[in-house]
Chemist: 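Let me begin by handing over the structure; questions about it come next.
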Amino acid sequence: MSKKAGGKSKQIIGMIRLMIPAGKAAPAPPLGPALGQKGLNMMEFCKEFNAKTANHAPDLPIPTMVTAYSDRSYSFEMKTPPTSYYLKKAAGLEQGSTAPGSIWAGSVSVKHVYEIAKLKHKDQPHVPLESVAKQVVASARSAGIKVVTEL
């Protein structure tokens, strides 16, 4: 895998998966060591990430995939927040159930599931919306959140 840029090829030397709160990227751990191992400019990444996430809600967890190249350059792709974040927010919870399946921590309606599925569908445009909704229901069940027809 190489990319042509002005006649030179850039070899991918690594991919880094990170979960960074919106607008809170800083060269401190865990972000700093992860980028530093690949020789990337941490401050440049932090400024660029914080600028791109300035319009997001504060502390919104953003899954980010950073691709490091051999010339010490990088590119990054931001995904939508985790399904569990949206489910806990919709149910009004701080955390899920301690014993999912036997103890329900809260509940969400089918309408909430559909809205979350529409948001998550942006990450998986090739997957039918119905399948994404089923994944959301499965995530809810794993977190101990009951899906009901109406609240």
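Positions are given from 1, in the same order as the sequence printed here.
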Chemist: Working note: Cys46 + Leu31, criterion side chain to side chain contact (heavy atoms under 4.5 Å, CB included); need CA distance, chi angles, decisive distance, verdict.
Modeler: CA-CA 9 Å; Cys46 292; Leu31 182 58; 3.8 Å; yes
Chemist: Do the side chains of Lys120 and Thr83 get nearer than 4.5 Å, heavy atoms only?
Modeler: yes
Chemist: Carefully, step by step, assess Val108 and Val148 under the rule side chain to side chain contact (heavy atoms under 4.5 Å, CB included).
Modeler: CA-CA 6 Å; Val108 294; Val148 296; over 6 Å; no
Chemist: For Ser97 versus Ala105, what's the shortest heavy-atom pair and its separation?
Modeler: N-CB, 3.5 Å
Chemist: Should Leu60 and Val136 be regarded as members of a common hydrophobic cluster, given that ILVMFWY residues are connected when their side-chain heavy atoms come within less than 4.5 Å of each other, either directly or indirectly?
Modeler: yes
Chemist: Which heavy atom of Ala22 sits nearest to which heavy atom of His56, and what is that distance?
Modeler: CB-CB, 3.7 Å
Chemist: Run the side-chain contact (heavy atoms from CB on, under 4.5 Å) test against Pro82 and tell me which residues pass, sequence neighbours left out.
Modeler: Met19, Pro61, Pro63, Ser84, Tyr85
Chemist: Looking at residues at least two apart in the chain, or sitting in another chain, which of them share a ring pair (Phe, Tyr, Trp, His ring centres under 6.0 Å) with Tyr74?
Modeler: Phe45
Chemist: Is a donor from one side chain sitting under 3.5 angstrom from an acceptor on the other, for Thr80 and Lys122?
Modeler: no
Chemist: Has Lys24 got its NZ or CZ under 6.0 Å from the middle of the six-membered ring of Phe49, at an angle within 45 degrees of the ring axis?
Modeler: no
Chemist: Side chains of Met43 and Asn41: does their closest heavy-atom pair fall under 4.5 Å?
Modeler: yes
Chemist: Is there a side-chain contact between Pro30 and Leu18 in this structure, where contact means two heavy atoms from C-beta onward sitting under 4.5 Å apart?
Modeler: no
Chemist: Does the side chain of Ser73 come within less than 4.5 Å of Lys10's, by heavy atoms?
Modeler: yes
Chemist: Is the shortest heavy-atom distance from the side chain of Met78 to the side chain of Lys52 under 4.5 Å?
Modeler: yes
Chemist: Apply side chain to side chain donor-acceptor pair (under 3.5 Å) to the pair Ser75 and Tyr69, showing each step before the final yes or no.
Modeler: CA-CA 8 Å; Ser75 63; Tyr69 299 105; 3.3 Å; yes
Chemist: What distance do Gln124 atom CD and His121 atom NE2 have between them, rounded to the nearest 0.5 Å?
Modeler: 8.0 Å
Chemist: Enter the distance from Lys88:NZ to Ser139:OG here, rounded to the nearest 0.5 Å.
Modeler: 11.5 Å
Chemist: Which pair of heavy atoms, one from Lys38 and one from Ala68, lies closest together, and at what distance?
Modeler: CB-CB, 3.9 Å
Chemist: Looking at every non-hydrogen atom in both residues, tell me the closest pair between Ala117 and Val132 and how far apart they are.
Modeler: O-CG1, 3.6 Å
Chemist: Do Thr64 and Glu77 come close enough that some side-chain heavy atom pair is under 4.5 Å?
Modeler: no
